[in-house]
Structures are given as structure tokens and as C-alpha cells.
Protein chains: 2
Amino acid sequence: MDFHRPPAIVRSFERLFSLSAEEREHLDRITCAGEEIEPRRKLIVEGKPCRSLHLLTSGWLVESKQLRDGTRQILNLRLPGDVVGIECLAYKNALHSTAALTPCTVTTLSFEQFQEIQRDFPRLAAALFLMTLLEGAILHEWEVNLGRRAAFPRVAHFLLELDRRLHLRGLGIGAAVPFPLTQQEIADCVGLTTPYVNRILQQMRAKGMIELENRLLTIREPALLAKAAGFKPDYIDHWGEGWFGQVLNEPQPD
Amino acid sequence: MDFHRPPAIVRSFERLFSLSAEEREHLDRITCAGEEIEPRRKLIVEGKPCRSLHLLTSGWLVESKQLRDGTRQILNLRLPGDVVGIECLAYKNALHSTAALTPCTVTTLSFEQFQEIQRDFPRLAAALFLMTLLEGAILHEWEVNLGRRAAFPRVAHFLLELDRRLHLRGLGIGAAVPFPLTQQEIADCVGLTTPYVNRILQQMRAKGMIELENRLLTIREPALLAKAAGFKPDYIDHWGEGWFGQVLNEPQPD
DNA sequence: CGGACCATTGAAAGCCGTCAAAACAAGTGG
DNA sequence: CCACTTGTTTTGACGGCTTTCAATGGTCCG
């Protein structure tokens, strides 16, 4: 383990701008009290009141909606460094569930703490806003994936996006990335059934495009797979390079 | 025409809190110079630089992504009162196109003007943030729709959502709502093909659940249709009732 | 060894897409 | 007023992608 590596949340902000000493300190203060959560435990429950935000320090979460017929759709995956549950600011009751997929460590942020940030740390507040814009861009890609791609490119796009998001956070393991999802869960992400996802994955393996075993995913043929999926990672790579991101990097009137 | 009715943008904010005189005035100042846009014209072009926001005063816009094989997915519809192109703050180049579906009147907001709002009108800024959270909730519903519903309930859900969004803005015409979409465009919203959307719509008409003609939609059997679609409008109706919305309504330290 | 969970496989059915072609509507110019 | 064009809705037949429903096998762990 690299003990000099700052926590995931800090790195998440550092991608946008260099934190000042005060900002860094405040983040540390918030993050220091992390709660451990075991898999399957729900952080936020669909339909129930939700009165706080969360910072995900390690582990993966799934956000999902349940349908009456028993099926569910996974809306997005939350990775280390993500801010979780911002929607709660706008609604009394949660619109979807958020549950631990792996063991997680999470820190809770009361609305009052959120307001403190808004008041005292405008750059952090702005970063939170930017993060929800990235979130939106990812959701848009998921819509395209679910609405307009056949099964193979759909799964391919899903894997490529995840691979990229993980590598960008420095969570890669060489060319591989951790991949704790079951095929059932992949199916719930891409709107297919488990058996069919299984068949698609086998096609990919047979063509030598991916390796997926032991909860480790390796994209063997990124170019081929990206071509098949129509994957263009701009929405992940170039996030924060717009006007608002630049403003954050202007010299501080401190 | 009701000349006492404030413009759509103002009503959009008023849903969250009562505008102060200054806030109202600032909005009016921004909105007074509206630009007329004819159908099919693009406000924002996928892949091209985007350097401003827009306020939609009247008419409908579509946000869509183009795929290489010629198909496209419509990501969301923008209705009168919506803020358009917030994503542009986070990216140098647009990730999707935004085009006029009907004749529209739009006012452009430079990033500098946006920053002014952020600095001088914190409640307006907060409202913008809340609006992107509502947007997120709608996108989540679309994901579920695209990923996990069969064609009939999918189209039903789409129609119900639109009906509700329009009525909530006071854009209904009795029990009906304006409905300028072609079946091709409906198909691009719900991830189906035009012929199949046609068949679904005819089923709905045959069952007496909807009327759709002359660009006017009437939901004849809301309960039946909602049941078939699994439609629960909380995400539209109860938006802004959370903690953040309440803070906006606290007495102003003016 | 037993149990739970997950991956894998097969066969059959069906939903939805594909591809035309036709019917219809609306506007345009002669 | 009619011929013509363009865009939208409608219809049909066919094929195939994906689901459904089990059943089998594998793996991990108590």
C-alpha cells in the first residue's frame, strides 16, 4: 500500500484544481470519520427519507430502481471518490436505492455540513456542482447505450466506460481493473438478461477482446472493442476542461 | 392570451420560492432579449465548442446524440422554462446536440452572466443547481424506461411523464397537452422503431386510453395507463420539497 | 459433505426490428 | 383548381435478436 497517496475523495477534487491548505484540511476533517459498510447493505432506500450526503472513500456502490415485476435497473455505479446522494437535497424521499456492492468505507455529510461548504468553500461547492454535471454526461451515455445499441456493443461500451473511469482514478492494476460485478449485476446495468450477458461475454473472450476472471477485467483489444461499441471517452476524459473548470484554477484572491 | 402570466422562466423559478424584486428584475433583464428560432435549427452542436447557456422561454427543444450507424437517441426534451446547456460549463465541446423541435424563443446567457448570478443572486444559483438535480431524476427514469420496460409500458410511461411535466407548468389545454412530436421522434426517445411505435399507439387508441391527433395529446385513462406503465410521478411532483428547497424559502437576511 | 451463489448451456417462443410499399396530409407552384 | 413534392402515418410479411425457463456444473465456504 502506498501511504503517501491521498484518499480517493481528495484526489477526486484535485483533478479539478489544487486544493488550498484550508480546503484540504476541511476535507480531511470531514473524511476522517469513515464508516465501514458490508456488501448488500443499503445506504439509501428508495421511497424512504434521505437526510444526508455521503462521500465514498473506498469500495463500489450501485444505485438502482426496483420495478413492480421484480426486475431492477441499475442507474449508475459509484466508485471511490464519488459524492453520493446529492439528489437527496432536492427530495424528501429517495427516488432510488444506493447499496454497497463491495465492502465500502463511507463518510456521511449532514446537510448542515454541506451548507458550511457552500458558504465557506466556494471552490469545493463549485466542484460538487461540476461533479453532478459529469454524472449527467455519464447518464446520457447510458441512455444511448440502453436505447440504441445491440447487446454486444452495449456490453462492450459498459466495460470500456468502467475501465476508463477506474484507470483515470488510478484504480487500475496494470492493464487490468478490479471488477466485482456478477453477470446478474452487469445485466441490470445494461438492460439485458443474465444468460444473454453470459453469451456476450463469451463471444468477447472467444475473440480475445477481453479477459474477465477472478473479479479482474482486462481489455485486451481496446481499439477493436471501442470500434464495436462506438465508444468515445470524451465525456470522461475532458470533463472539467470547460469554462467553469478554468475559473476554479484562476489565482485565488486570498 | 393571458398577459398577466409571467414568462415561463420566471414561473420555473417561482415554483421553488418567491422571487424578490431584485431577483425578478434581474431575470427580466436577462430574458427581455429573446431570440426566435425555427424548427430543426441547432442551438448546440455535438462535438462543437459551447460557450453559453440558454433559457427556453417558449417552444420545445430536443437533446440528442448521434450514432455512427445513423440512428440517434433523444436524451431529453426541454420545455418552456427550462435552462438549457448547463453541461457546457463542464466541457469545452458539446457532448450532444440541442435542436429546436418547434419554433422557440430562447435567450442566451454568457458564462460571465452566469457568474454574475452566482455572485449576486445566491438563491437563483441554488435554483439552477436544484434544476440540474431534477434533470438527473428524469434521466434516471428514462434509464429505467429504456432498460427494463417492454414497448407498451415504455411508450405509456413516456407519454405520462410528458403530460405531467406540461400540466405542471400550466401548459395544458384542458385535459389535453400540446404534442408536436412525430412518431419518429417518439421512437428516438424510447429506443424503439417508428413502425413499432405506431403499432403501440394504435393499441392505446383502440383501448381508449389516449387520443392523439392534430399535435394534441389527451390521456383518457390515466389510471389504467399509469398502472400499465408503472408510472409514479413523485420525481416530478415532489421535486424541490427537500432540504435545499426549504432553505431557499427561509426568510431572507435582506 | 452440504449449501449457497454464480456461471454456463440448451431449446423454444416471442417481441421487436427490418424493409418495403402504400396511404395520407399539407404545402407549393403552375 | 390541379399536379407535384415532401414528410408523416400506416400496414404487411419475414427474420432474428433476445428472452424465457430450466437444468447443469463449478466454486467457495462453513
Side-chain angles (χ1 to χ4, degrees), chain A residues 38-40 62 67 69-74 99-103 145-159 178-206 210-217 228-229, chain B residues 38-40 62 67 69-74 99-103 145-159 178-206 210-217 228-229:
Chain A
E38 70 273 22
R40 309 182 133 250
V62 273
L67 279 80
D69 65 2
T71 63
R72 71 167 180 172
Q73 174 66 39
I74 293 183
L101 185 83
T102 69
N145 214 29
L146 291 164
R148 283 300 184 218
R149 274 196 266 266
F152 188 101
R154 198 187 300 188
V155 174
H157 194 281
F158 174 72
L159 298 180
F179 197 88
L181 295 169
T182 67
Q183 296 184 0
Q184 168 77 262
E185 287 156 343
I186 299 177
D188 286 339
C189 286
V190 297
L192 297 169
T193 56
T194 315
Y196 206 61
V197 165
N198 181 281
R199 284 167 183 133
I200 303 287
L201 289 177
Q202 287 179 51
Q203 288 178 35
M204 290 180 179
R205 284 193 267 245
I210 66 165
E211 277 173 35
L212 177 50
E213 49 185 2
N214 274 332
R215 332 229 106 191
L216 226 60
L217 166 69
Chain B
E38 70 273 22
R40 308 180 133 250
V62 274
L67 280 80
D69 65 1
T71 63
R72 68 167 182 173
Q73 174 67 38
I74 292 182
L101 186 81
T102 69
N145 214 28
L146 292 164
R148 283 300 183 217
R149 273 195 266 267
F152 188 100
R154 196 187 300 189
V155 174
H157 195 281
F158 173 72
L159 297 180
F179 198 88
L181 294 171
T182 67
Q183 296 183 2
Q184 167 77 262
E185 287 156 343
I186 300 177
D188 287 339
C189 286
V190 297
L192 297 169
T193 55
T194 316
Y196 207 64
V197 165
N198 182 279
R199 283 167 182 131
I200 303 286
L201 288 177
Q202 285 179 53
Q203 287 178 36
M204 291 181 178
R205 284 193 265 245
I210 66 165
E211 279 172 34
L212 177 51
E213 48 184 3
N214 272 333
R215 335 229 103 188
L216 226 60
L217 166 70

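Just so it is clear: chains get the letters A, B, ... in the order the sequence lines come, proteins before strands, and each one is counted from 1. All heavy atoms count here, side chains included; hydrogens, waters and symmetry mates do not. Source: prediction; values computed, not measured.
The phosphate of D/dT18 (OP1 or OP2) has a side-chain N or O of A/Tyr196 nearer than 4.0 angstrom. Taking 4.0 angstrom as the limit, B/Gln202 places none of its side-chain polar atoms (N or O) nearer than this to OP1 or OP2 of D/dT9.
Among the heavy atoms of the strands lying under 4.0 Å from A/Arg205 are primed sugar atoms or P, OP1, OP2 only; no base atom is included.
Atom CZ of B/Arg148 is separated from atom C1' of D/dT19 by 11 Å (rounded to the nearest Å). Straight-line distance from the CD1 atom of B/Ile200 to the P atom of D/dT10: 13 Å, rounded to whole Å. As a whole-Å value, the separation of B/Arg199 CZ from D/dC14 C1' is 11 Å. Between the P atom of D/dT10 and the CD atom of B/Gln203 lies a distance of 13 Å, rounded to the nearest Å.
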### Query
Can you give one letter per nucleotide of nucleotides 23-30 of chain D, going 5' to 3': B for a protein heavy atom under 4.0 Å from the base, S for sugar-phosphate only, - for none?
--------

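Partners of B/Arg215 by side-chain contact (heavy atoms from CB on, under 4.5 Å), not counting sequence neighbours, listed by chain and number: B/Thr182. For B/Pro180, the side-chain contact (heavy atoms from CB on, under 4.5 Å) criterion is met by B/Trp60, B/Leu101, B/Thr102, not counting sequence neighbours. Applying the side chain to side chain donor-acceptor pair (under 3.5 Å) test to A/Glu211 and every residue at least two apart in sequence or in another chain returns A/Arg220. Scored by the side chain to side chain donor-acceptor pair (under 3.5 Å) test, B/Gln203 finds no partners at all (sequence neighbours excluded). Under the side-chain contact (heavy atoms from CB on, under 4.5 Å) criterion, B/Pro178 pairs with B/Ile173, not counting sequence neighbours. Partners of A/Glu213 under the salt bridge (charged side-chain N to carboxylate O under 4.0 Å, His left out) rule, at least two apart in sequence or in another chain, do not exist in this structure.
Minimum interatomic distance between A/Leu212 and A/Arg205 (heavy atoms only, all atoms of both residues): O-NH1, 2.8 Å. Across A/Arg40 and A/Ala99, no two heavy atoms sit closer than the pair O-CB, 4.5 Å.
Using a 4.0 Å cutoff on non-hydrogen atoms, the parts of residues 184-195 of chain A near DNA chain D are A/Gly191, A/Leu192, A/Thr193, A/Pro195, ordered by number.
A 4.0 Å heavy-atom criterion places the boundary nucleotides of DNA chain C facing chain B at C/dC15 to C/dC19, written 5' to 3'.
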Let me have the donor-acceptor pairs involving side chains of residues 146-159 of chain A, under 3.5 Å, with sequence neighbours excluded, atom names and distances please.
unit_1   : atom_1 : unit_2   : atom_2 : d
A/Arg148 : NE     : B/Arg72  : O      : 2.9
A/Arg148 : NH1    : B/Leu192 : O      : 3.1
A/Arg148 : NH2    : B/Ala187 : O      : 3.1
A/Arg148 : NH2    : B/Asp188 : OD1    : 2.8
A/Arg148 : NH2    : B/Leu192 : O      : 3.0
A/Arg149 : NE     : A/Asn145 : OD1    : 2.8
A/Arg149 : NH1    : A/Ala229 : O      : 3.1
A/Arg149 : NH2    : A/His157 : NE2    : 3.2
A/Arg154 : NE     : A/Asn145 : O      : 3.3
A/Arg154 : NE     : A/Arg149 : O      : 3.0
A/Arg154 : NH1    : A/Val190 : O      : 2.7
A/Arg154 : NH2    : A/Arg149 : O      : 3.0
A/His157 : NE2    : A/Glu141 : OE1    : 3.4

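Of the possible polar contacts, none joining the B/Asn214 side chain to the B/Leu216 backbone as a donor-acceptor pair under 3.5 Å is found.
Residue pairs meeting the salt bridge (Lys or Arg N to Asp or Glu O under 4.0 Å) criterion with at least one member in residues 195-204 of chain A: none, sequence neighbours excluded.
Remark on the helix from C/dC1-D/dG30 to C/dC15-D/dG16: inter-end axis angle 20°, axes from five-pair C1' superpositions, rounded to 10°.
One finds the CD atom of A/Gln202 at 4.5 Å from the CG atom of A/Asn198 (value rounded to the nearest 0.5 Å). Note that CD of B/Gln183 and OG1 of B/Thr194 are 7.5 Å apart. Values are rounded to the nearest 0.5 Å.
The residue among B/Gln183 and A/Phe152 whose nearest nucleotide of DNA chain D lies closer to the 5′ end is B/Gln183.
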